Amino acid sequence: MIKMSLTVGILALSPTAAFADGHTEKAVFGTNWLAQAEHGGFYQSVADGTYQACGLDVEIVSGGPQVNNRALMLAGRIDFHMGGDMLQAFNAVKEGIPVVSVAAIFQKHPQVIIAHPGVASSWEDLKNLTLLIGDNGFASYYQWMMAEHGFTAEQRIPYTFNPAPFIADKGKGMQGYLSSEPYVINKEAGFEPAVFLIADAGYSTYATTIETMASTIAERPEAVKCFVDGSLAGWYNYLYGDSNAADEMILAANPDMTQDKINFAKASMLENGIVDSGDALEMGIGAMTDEKVGDFYAKMVAAGVIEDGIDWKAAYNTSFTNQKVGMDAKQGN
């Protein structure tokens, strides 16, 4: 476990402190991967004292290839978890697991399809390529790509998370994350690939959600409010303010991370509206709406990824978000 306790200042939240009597509670937040800029807002609110200001002493526990922090939350060992996308949330409902998403940090999923420069100038051009897609991607977003956009199973070959076959063959495209594979390819192969965000083609899920147990919402609503408010304020401060202290914490938590990777990821998130776009522009970072969740659920049903009839509205709770928390930090940006 990695405990972050650096305090460099306190930003008052609006609304103000969640715990009216001024007491402080311990809370553990588990991420779903190794520390990186895509987790920056959470580290920011530990670093600048924002969580502490509303009553939570937050410990961040990094995820990774051998770590299942979601299982630890189900076992009661952590309080909050960084979810992937709404497919996970729908499956939890299907399986009767009382996990609830209470905010969505990413308005756009950062999954991309990458091509060589000059080979594909549009999403439609990708249909002319052999695509390296991993098994998880094939079972989820690629089913939607076939159902809604006419891609084929035959043009897909398994991706082994090695970009070398793509780099060597202009006839291939590959899956990636916006802030990861494009950076690696540029460094290793010396060219900037063409990058196509699947969210811009209509893959409308939220990503990087804040999850907690239904029992935590019922029994500790003030703690949920403090964690959500603090996280949303932290994301504004991380994207639009001084993120140096949070970056230092990310570098300390992940020895393989570098500042140039952090800078690339942060710039990519800002340029593509991963965090601050769509409904977040009006309701604040973390926004979630029935319309968008329902749209994504319908697309996944149509693509055969998930069955119809699931109580998809049980997968999330908007009581703690959509309140413009932290937006003042964006002024002048």
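If you read the sequence from its start, that first residue is 1, and numbering goes on from there. Values below: all heavy atoms of this structure, side chains included; hydrogens, waters and symmetry mates excluded. None of these values were measured; they are calculated from a predicted model.
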Check step by step if side chain to side chain contact (heavy atoms under 4.5 Å, CB included) holds for Lys172 and Leu132. CA-CA 7 Å; Lys172 287 186 171 68; Leu132 298 164; 4.2 Å; yes
Would you say the side chain of [Y] lies within less than 4.5 Å of the side chain of [X], judging by non-hydrogen atoms?
X	Y	result
Met257	Ile262	yes
Ser243	Gln44	yes
Ile274	Ile105	no
Glu211	Val102	no
Phe90	Val293	yes
Asp57	Glu25	no
Tyr297	Asp295	no
Tyr240	Met327	no

Not counting sequence neighbours, which residues clear side chain to side chain donor-acceptor pair (under 3.5 Å) with Asn69? List them please.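 Asn69 satisfies side chain to side chain donor-acceptor pair (under 3.5 Å) with no residue once adjacent residues are dropped.
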Tell me every residue that passes side chain to side chain donor-acceptor pair (under 3.5 Å) with Asn68, counting only those two or more places apart in sequence or in another chain.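 Not a single residue meets the side chain to side chain donor-acceptor pair (under 3.5 Å) criterion with Asn68.
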Just checking, is any N or O donor in the side chain of [X] or [Y] under 3.5 Å from an acceptor N or O on the other one?
X	Y	value
Glu248	Asn244	no
Thr258	Asp260	yes
Asn254	Gln36	no
Tyr236	Asp328	no
Tyr141	Gln175	yes

Minimum heavy-atom distance [X]-[Y], with the two atoms named:
X	Y	result
Ala37	Ala265	CB-CB, 3.7 Å
Gly55	Cys226	N-SG, 3.9 Å
Leu232	Ala103	CD2-CB, 4.4 Å
Lys261	Asp256	NZ-O, 3.4 Å

Any donor-acceptor pair under 3.5 Å from [X] side chain to [Y] backbone:
X	Y	answer
Ser122	Asp125	yes
Glu181	Tyr177	yes
Gln323	Ser319	yes
Asn186	Pro182	no
Asn91	Leu87	yes

Salt bridge present between Asp79 and Arg220 (N-O < 4.0 angstrom):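 So Asp79 pairs with Arg220 through a salt bridge.
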Could Asp276 and Lys330 be called an ion pair, given the rule that one side-chain N must be under 4.0 Å from one carboxylate O?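 Looking at Lys330 together with Asp276, the answer is yes, because their closest N to O distance falls below 4.0 Å.
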Around Glu95, counting heavy atoms of other residues, nucleotides and ligands shown, do more than 12 lie under 6.0 Å from its CD?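 For Glu95, atom CD is crowded (more than 12 foreign heavy atoms under 6.0 Å).
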Does atom NZ of Lys127 have more than 12 heavy-atom neighbours, drawn from other residues, nucleotides or ligands, at distances under 6.0 Å?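 Atom NZ in Lys127 is packed in, count exceeds 12.
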Show your reasoning for whether side-chain hydrogen bond (donor to acceptor under 3.5 Å, both in side chains) applies to Tyr51 and Ser231. CA-CA 8 Å; Tyr51 291 131; Ser231 299; 2.8 Å; yes
Please set out all donor-acceptor pairs under 3.5 angstrom arising from side-chain atoms of residues 190-201, sequence neighbours excluded.
{"from": "Asp200", "atom 1": "OD1", "to": "Lys108", "atom 2": "NZ", "distance (Å)": "3.0"}

Could you pull out all residues at least two apart from Gln155 that satisfy side chain to side chain contact (heavy atoms under 4.5 Å, CB included)?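 Applying side chain to side chain contact (heavy atoms under 4.5 Å, CB included) to Gln155 gives Leu131, Tyr142, Phe151, Thr152.
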Side chain to side chain contact (heavy atoms under 4.5 Å, CB included) with Asp279: which residues, sequence neighbours excluded?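 Asp279 satisfies side chain to side chain contact (heavy atoms under 4.5 Å, CB included) with Gln107, Tyr206, Met283, Ala287, Thr289 once adjacent residues are dropped.
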Return the CG to NZ distance between Leu281 and Lys324, rounded to the nearest 0.5 Å.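 The NZ atom of Lys324 is 11.5 Å from CG of Leu281, to the nearest 0.5 Å.
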Please determine whether side chain to side chain contact (heavy atoms under 4.5 Å, CB included) holds for the pair Phe161 and Met174, giving the CA-CA distance in whole Å, both sets of side-chain angles, and the decisive distance to 0.1 Å. CA-CA 9 Å; Phe161 297 90; Met174 62 174 272; over 6 Å; no
Give the C-alpha distance, both sets of side-chain angles, the deciding distance and a yes or no for side-chain hydrogen bond (donor to acceptor under 3.5 Å, both in side chains) between Thr160 and Asn162. CA-CA 5 Å; Thr160 60; Asn162 174 10; 5.1 Å; no
Tell me, with the steps shown, if Val99 and Arg70 meet side chain to side chain contact (heavy atoms under 4.5 Å, CB included). CA-CA 9 Å; Val99 173; Arg70 201 172 197 231; 3.9 Å; yes
Mind running side chain to side chain contact (heavy atoms under 4.5 Å, CB included) on Val275 and Tyr238 for me, showing each step along the way? CA-CA 11 Å; Val275 177; Tyr238 186 72; over 6 Å; no
Working note: Trp33 + His39, criterion ring pair (Phe, Tyr, Trp, His ring centres under 6.0 Å); need CA distance, chi angles, decisive distance, verdict. CA-CA 9 Å; Trp33 198 246; His39 309 166; 9.1 Å; no
Would you mind writing out the side-chain donor-acceptor pairs for residues 302-313 within the sub-3.5 Å range, not counting sequence neighbours?
none

For a ring pair (Phe, Tyr, Trp, His ring centres under 6.0 Å) with Phe80, tell me which candidate from Phe42, Phe227, Phe320, Phe29 qualifies.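 Only match with Phe80 under ring pair (Phe, Tyr, Trp, His ring centres under 6.0 Å): Phe227.
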